[in-house]
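Heads up, the thing below is written out as structure tokens.
For this chain, numbers begin at 1 and follow the sequence in order.
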Amino acid sequence: MKASVFSIMAGILIFAAWYVFFGIESYFFLWPSIDTQYSEIYNEENFNKITIGMSKNDVDQLMGEPLSIYQIENGTVTYSYSSDARLKILDFAWFGRSVTFRDDKVIAIEKEIYYD
């Protein structure tokens, strides 16, 4: 019991020190996706299977429902599978994962780290 309390306290101390020394929107290498909110059944392995030209239906079967959907002026649609602000108090970099479709075919795959 004492060891687990010590581990939790040590983790909190490391987390706080990292935040103080490296500032807002830094990349937290101990838990890189700490501030990323993912869609309900998001899976990085499945996301990596998406390819240009894949049908929207195939992506839907692989990934499930996106976190959000954006209609773009030129007839394209972007499915976002992640967003910022999983943490309510601190702010770290987050992983952007989205797929853009035109005519129900994948035309772009986004896999970025955002520091905003």
Please walk me through it: do Arg97 and Ser80 pass side-chain contact (heavy atoms from CB on, under 4.5 Å)? CA-CA 6 Å; Arg97 301 291 187 262; Ser80 181; over 6 Å; no
Minimum-distance pair of heavy atoms, taken over all atoms of Pro66 and Ser39: C-CB, 4.0 Å
Under 3.5 Å, side chain of Asn43 to main-chain N/O of Glu45, donor-acceptor pair present? yes
Will you find, in the side chains of Thr76 and Asn74, an N or O donor that is under 3.5 Å from an N or O acceptor? yes
Got a donor-acceptor contact below 3.5 angstrom from the Ser98 side chain to the Thr78 backbone? no
Can Tyr38 be reached from Ile113 by stepping across I, L, V, M, F, W or Y side chains whose heavy atoms are under 4.5 Å apart? yes
Does CD in Glu40 sit with more than 12 non-hydrogen atoms of other residues, nucleotides or ligands closer than 6.0 Å? no
Sorted by chain and number, sequence neighbours left out, salt bridge (charged side-chain N to carboxylate O under 4.0 Å, His left out) with Glu65 holds for none
By salt bridge (charged side-chain N to carboxylate O under 4.0 Å, His left out), Lys111 pairs with (sequence neighbours left out) Glu44
Please check if atom CG in Asp103 has more than 12 non-hydrogen atoms from other residues, nucleotides or ligands closer than 6.0 Å. no
CA sep, side-chain torsions, deciding dist, call: Tyr70, Thr100, side-chain contact (heavy atoms from CB on, under 4.5 Å): CA-CA 9 Å; Tyr70 302 97; Thr100 301; over 6 Å; no
Identify whether Tyr42 and Leu67 are in the same connected component of the hydrophobic contact network (ILVMFWY, side-chain heavy atoms under 4.5 Å). no
For Phe95, does its backbone N or O pair with a side-chain atom of Thr36 as donor and acceptor, under 3.5 Å? yes
Any salt bridge (Lys or Arg N to Asp or Glu O under 4.0 Å) involving residues 48-59? Give me the pairs, sequence neighbours left out, ordered by first then second residue. Lys56-Asp60
Spacing of CD1 belonging to Ile52 relative to CD1 belonging to Ile109, to within rounding of 0.5 Å: 4.0 Å
Decide side-chain contact (heavy atoms from CB on, under 4.5 Å) for Val77 and Ile69; before the verdict, give the C-alpha distance in whole Å, the side-chain angles of both, and the deciding distance to 0.1 Å. CA-CA 7 Å; Val77 178; Ile69 299 173; 3.5 Å; yes
Rounded to the nearest 0.5 Å, how far apart are OH of Tyr81 and CD1 of Ile41? 9.5 Å
Test Val106 against Thr51 for side-chain contact (heavy atoms from CB on, under 4.5 Å), laying out the working first. CA-CA 7 Å; Val106 175; Thr51 59; over 6 Å; no
